[in-house]
Amino acid sequence: MMYYTHLAFGIFIALLAIDFFNIQNKLFFILIAIMFSVFPDIDERKSKMGRENKIISTIINFMFGHRGFIHSIYIPLILYLVFYYINKEIGIAVLTGYFSHLFTDALTKQGIRPLAPLINKKINGMIKTNSLLEKTFFLIITLLILYLLLIYL
């Protein structure tokens, strides 16, 4: 998925999570979730995250490749546990944002290997990155965000 789709879906899921988890610091929660909704693409040097963090991206890409270990469920679970002990809401925001990224990448033809490197079974969908279908998905998510914002206001 493209950067903007990850951002939109991260916002959408964060807005849903606010009510579900009874989040008190809503704006901070959304900002953390948004940050982690795009973070996993640091493993791709050509991604927006990769271009903004060239050295880190190059090292991570060399070590794990794109959509390998960084796109597995292990990283968000570890980050969740670390941040949860600092602040419960931050931990939930990290998990929400990161899993929103993994979910949307699983919808693409490229897919993800959620248990890599232990199990290399791939989960993939039918959306081609930057295709009309992805842009339609983005539009629908954007409309749902606007709807949720109207409800909250």
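The residues of the chain are indexed from 1 along the displayed sequence.
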Is there a side-chain contact between [X] and [Y] in this structure, where contact means two heavy atoms from C-beta onward sitting under 4.5 Å apart?
{"X": "E134", "Y": "T129", "value": "yes"}
{"X": "I23", "Y": "F28", "value": "no"}
{"X": "K109", "Y": "N124", "value": "no"}
{"X": "M1", "Y": "T108", "value": "yes"}
{"X": "F99", "Y": "L77", "value": "yes"}
{"X": "F83", "Y": "I32", "value": "no"}
{"X": "F39", "Y": "I42", "value": "yes"}
{"X": "K122", "Y": "N120", "value": "no"}

Under the ring-ring contact (aromatic ring centres under 6.0 Å, His included) rule, collect the residues that match up with [X], sequence neighbours excluded.
{"X": "Y98", "answer": "none"}
{"X": "F137", "answer": "F9"}
{"X": "Y84", "answer": "Y80"}
{"X": "Y4", "answer": "F138"}

Could you check whether atom [atom1] of [X] has more than 12 heavy atoms from other residues, nucleotides or ligands sitting under 6.0 Å from it?
{"X": "Y3", "atom1": "OH", "result": "yes"}
{"X": "K26", "atom1": "NZ", "result": "yes"}
{"X": "Y85", "atom1": "OH", "result": "no"}

How many angstroms lie between [atom1] in [X] and [atom2] in [Y], if you round to the nearest 0.5 Å?
{"X": "L16", "Y": "I145", "atom1": "CG", "atom2": "CD1", "value": "9.5 Å"}
{"X": "I92", "Y": "I18", "atom1": "CD1", "atom2": "CD1", "value": "11.5 Å"}
{"X": "I141", "Y": "I13", "atom1": "CD1", "atom2": "CD1", "value": "7.0 Å"}
{"X": "I112", "Y": "I70", "atom1": "CD1", "atom2": "CD1", "value": "13.0 Å"}
{"X": "I30", "Y": "T96", "atom1": "CD1", "atom2": "OG1", "value": "11.0 Å"}
{"X": "I151", "Y": "L146", "atom1": "CD1", "atom2": "CG", "value": "11.5 Å"}

With hydrophobic residues grouped by side-chain heavy-atom distances under 4.5 Å, do [X] and [Y] end up in a single group?
{"X": "F21", "Y": "I86", "value": "yes"}
{"X": "L27", "Y": "L15", "value": "no"}
{"X": "F20", "Y": "F103", "value": "yes"}
{"X": "L132", "Y": "L107", "value": "no"}
{"X": "M2", "Y": "F36", "value": "no"}

| message | Run the side chain to side chain contact (heavy atoms under 4.5 Å, CB included) test on L115 and I73 for me, step by step, so that the C-alpha distance in whole Å, both residues' side-chain angles and the decisive distance to 0.1 Å come before the verdict. | response | CA-CA 6 Å; L115 300 174; I73 64 168; 3.6 Å; yes
| Taking the side chain from N87 and the backbone from I90, do they hold a donor-acceptor pair closer than 3.5 Å? |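 Such a contact is found between N87 side chain and I90 backbone.
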| message | Could you check whether any side-chain N or O of E89 sits under 3.5 Å from a backbone N or O of F29, counting only pairs where one atom can act as donor and the other as acceptor? | response | no
Closest approach of [X] to [Y] (non-hydrogen atoms, all atoms of both residues):
{"X": "N130", "Y": "K135", "answer": "OD1-CE, 3.3 Å"}
{"X": "M49", "Y": "V38", "answer": "CG-O, 3.2 Å"}
{"X": "A8", "Y": "T142", "answer": "CB-OG1, 4.4 Å"}
{"X": "F69", "Y": "A116", "answer": "CD1-O, 3.6 Å"}

| field | side chain to side chain donor-acceptor pair (under 3.5 Å): pairs with one or both residues in residues 36-49, sequence neighbours excluded | value | D41-H71, D41-H101, D43-H66, D43-H71, R45-N61, K48-E52
| field | Under the side chain to side chain contact (heavy atoms under 4.5 Å, CB included) test, residues paired with I123 that sit two or more places apart | value | A106, P114
